Amino acid sequence: MENELVEQRKQKVKELRSIGVNPFPNDFKPSHDVVGVLSYYSSFSDEEIKNLSDKFSLAGRIIALREFGKSTFFHIMDRTGKIQGYIRRDVIGDEKLNFFKKFIDIGDFIGIRGDLFKTKTGELTINVKDFKLITKSLYPLPEKWHGLKDVETRYRQRYLDLISNPEVKEIFLKRTKIIKLIRDFLNERDFIEVETPILHPIAGGAAAKPFKTYHNALDMELFLRIAPELYLKRLVVGGFERVYELGRTFRNEGVSTQHNPEFTIMELYQSYATYEDLMDLIEELICFVTETLLGALEFDYEDMKVNMKRPWRRINLIESVKSRIGEEILSSDEFLFKKATSLGIAHKGIRGKAIVELFERTIGDEIVDPTFVYGFPIDVSPLARKNDLNPEITDRFELYLAGREVANAFSELNDPVDQKERFLKQLDFKSKGEEVHEMDEDFIGALEHGMPPTAGAGIGVDRLVMLLTNSPSIREVIFFPHLRPE
RNA sequence: GAGCCGUUAGCUCAGGCUGGUAGAGCAUCUGCCUUUUAAGCAGAGGGUCGCAGGUUCGAGUCCUGCACGGCUCACCA
């Protein structure tokens, strides 16, 4: 037998039907929403409210209920907020009060009609003249005071989390706002938003394990994209000089507080710009988003105080590793690899990887305020333009913030011959067991038609949202993070 | 993949070290209650203690395995 609480409610549904009441009607049209009523009428004095004859109808879910003998208080919540309702016998009559007390439960949706008054404690409340059951809920809501805490239930049944934990809803509203602000900022600067394929014949643009899938009619294996990069650059070749894409990307790797198998990335490309121009652009973009969202450029993240005031610090990757670890880093492979191995870094004899990992484990982890780290080794940057003065490094930077990487950007490599050599070099690394960028002949073909000098950047949107909402885990900013089936 | 921690009523949690047939608050049901807001008072019902084995006269409690989740590390952007 099922839970008694559910049984009771199913019984109520039966009884309602037997007396000719539809427990799931669809003909109630609210005239107002909660915030509309509260914000407008909170400006009136108590006396003025008494004299207002306005009537309102509102709809929402009952989230709290306090019943008395001849009256009832409750709160309903709609998309905008919550408001108290008051039902009393001498206003609404015996029959309706009894119906309410018998059939209406916490969790149900109801529509109410009435006018406003203020209670003794000053809470603006709807004096209910009439109500209607809109949707019967068969399950009880989680506990009113502690909310829903169980992390597994929160993720598996996010709707319960959203109903009972207002701060969770707040985080997701902020997420939506952040994404909108990114679009606003870029649209304003003449960037065009585009959509490129998610099903890729070659999983390019990054080094990661892809998800595989299969197309029946074409009889071919496809991969879910690990990055939109190579398609966006094809569009640059096609004349879209300023493009961006904001969307889902997939990587078939471990899950953690920083990684979800599908995540949201924003990539942008701007022709006739350099990676240094993009430092300025990203500074402006993230400051715009932060300040508009939070009203300030300073915020707490976990135990850190982050200050985003411009200009942001810019440090050279190799110079900072040299000064931390030792000058020999560059002159002696032996020293470099020994040092990396001692820190447990699996570099597989790739110099660039060892250097970048050394940086991440030492200096990168300590960075709190936003810092551009520039000058990445060429062997870990196969899509980035070689530096004109030093062919061992590329014109690439990453943005570090609160100990994490938030953005990756570079002047794009637009020399097709060099690009081909870089891909071939990657295949070398692949034979050492590394995950690498795959050869993409079709992309090289696009470059052969000429891509104007361009700089591009990618921002991990989930991680940015984590920072701006002080969320310790990526699962707190993704509605339905992936879990094993129960 | 490894280590640690967790899983007890619809929800939030005690109990576990030291084995003796399961407890609280909220929610539900009954009664009283017309300005409450974690309403109040009185009473009642509600449990495969994650699953499967083992030890024991007896297991929520001890042991082993498994599942799911969390954190850390590894791997990986």
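Below, chains carry the letters A, B, ... as their sequence lines are ordered, and counting in each starts from 1. Keep in mind that what you see is a predicted model, and the values were worked out from it rather than measured.
Considering A:Arg175, A:His259, A:Arg475 as possible partners of A:Asp462, the one that fulfils the side chain to side chain donor-acceptor pair (under 3.5 Å) test is A:Arg175.
Below the 3.5 angstrom threshold, one finds no donor paired with an acceptor across the side chain of A:Glu4 and the base of B:G46. Looking at A:His259, its side chain comes within 3.5 Å of the base of B:C76 through a donor and an acceptor atom.
Residue contacts for A:Glu67: at a heavy-atom cut-off of 4.0 Å it reaches a base atom on one of the strands shown. At a threshold of 4.0 angstrom between heavy atoms, the contacts of A:Gly147 are confined to the sugar-phosphate backbone, with no base atom among them.
Residue A:Lys12 has its side chain nearest to B:C29 when only B:U35, B:U12, B:C29 are considered. Checking B:U12, B:C76, B:A27 against every side-chain atom of A:Asp150, the shortest atom distance belongs to B:U12.
Judged as a side chain to side chain donor-acceptor pair (under 3.5 Å), and not counting sequence neighbours, A:Arg313 has no contacts. A:Lys425 pairs by the side chain to side chain donor-acceptor pair (under 3.5 Å) definition with nothing, not counting sequence neighbours. Remark: A:Lys353 pairs with A:Glu434 by the salt bridge (Lys or Arg N to Asp or Glu O under 4.0 Å) rule, at least two apart or across chains.
RNA chain B forms stems at B:1-7 with B:67-73, B:10-13 with B:23-26, B:28-32 with B:40-44, B:50-54 with B:62-66, each a run of 3 or more consecutive Watson-Crick or G-U wobble pairs whose two key distances fall under 3.5 Å.
Ring geometry for A:Phe103 against A:Phe99 counts as tilted: the plane angle lies between 30° and 60°, on a 0 to 90° scale.
Cation-pi geometry between A:Arg396 and A:Phe376 is met: the NZ or CZ atom falls under 6.0 Å from the ring centre, inside 45° of the normal.
Residues from residues 70-90 of chain A with heavy atoms under 4.0 angstrom of RNA chain B, sorted by number: A:Lys70, A:Ser71, A:Phe73, A:His75, A:Gln84, A:Tyr86, A:Arg88, A:Asp90.
Nucleotides B:A14 and B:U8 have their C1' atoms positioned 10 Å apart, rounded to a whole Å. Here, B:C4 and B:A44 have their C1' atoms 43 Å apart, quoted to the whole Å.
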Q: Produce a footprint string for nucleotides 67-74 of chain B: one letter per nucleotide, 5' end first; B if the base is under 4.0 Å from any protein heavy atom, S if only the sugar-phosphate is, - if neither.
A: -SSSSS-S

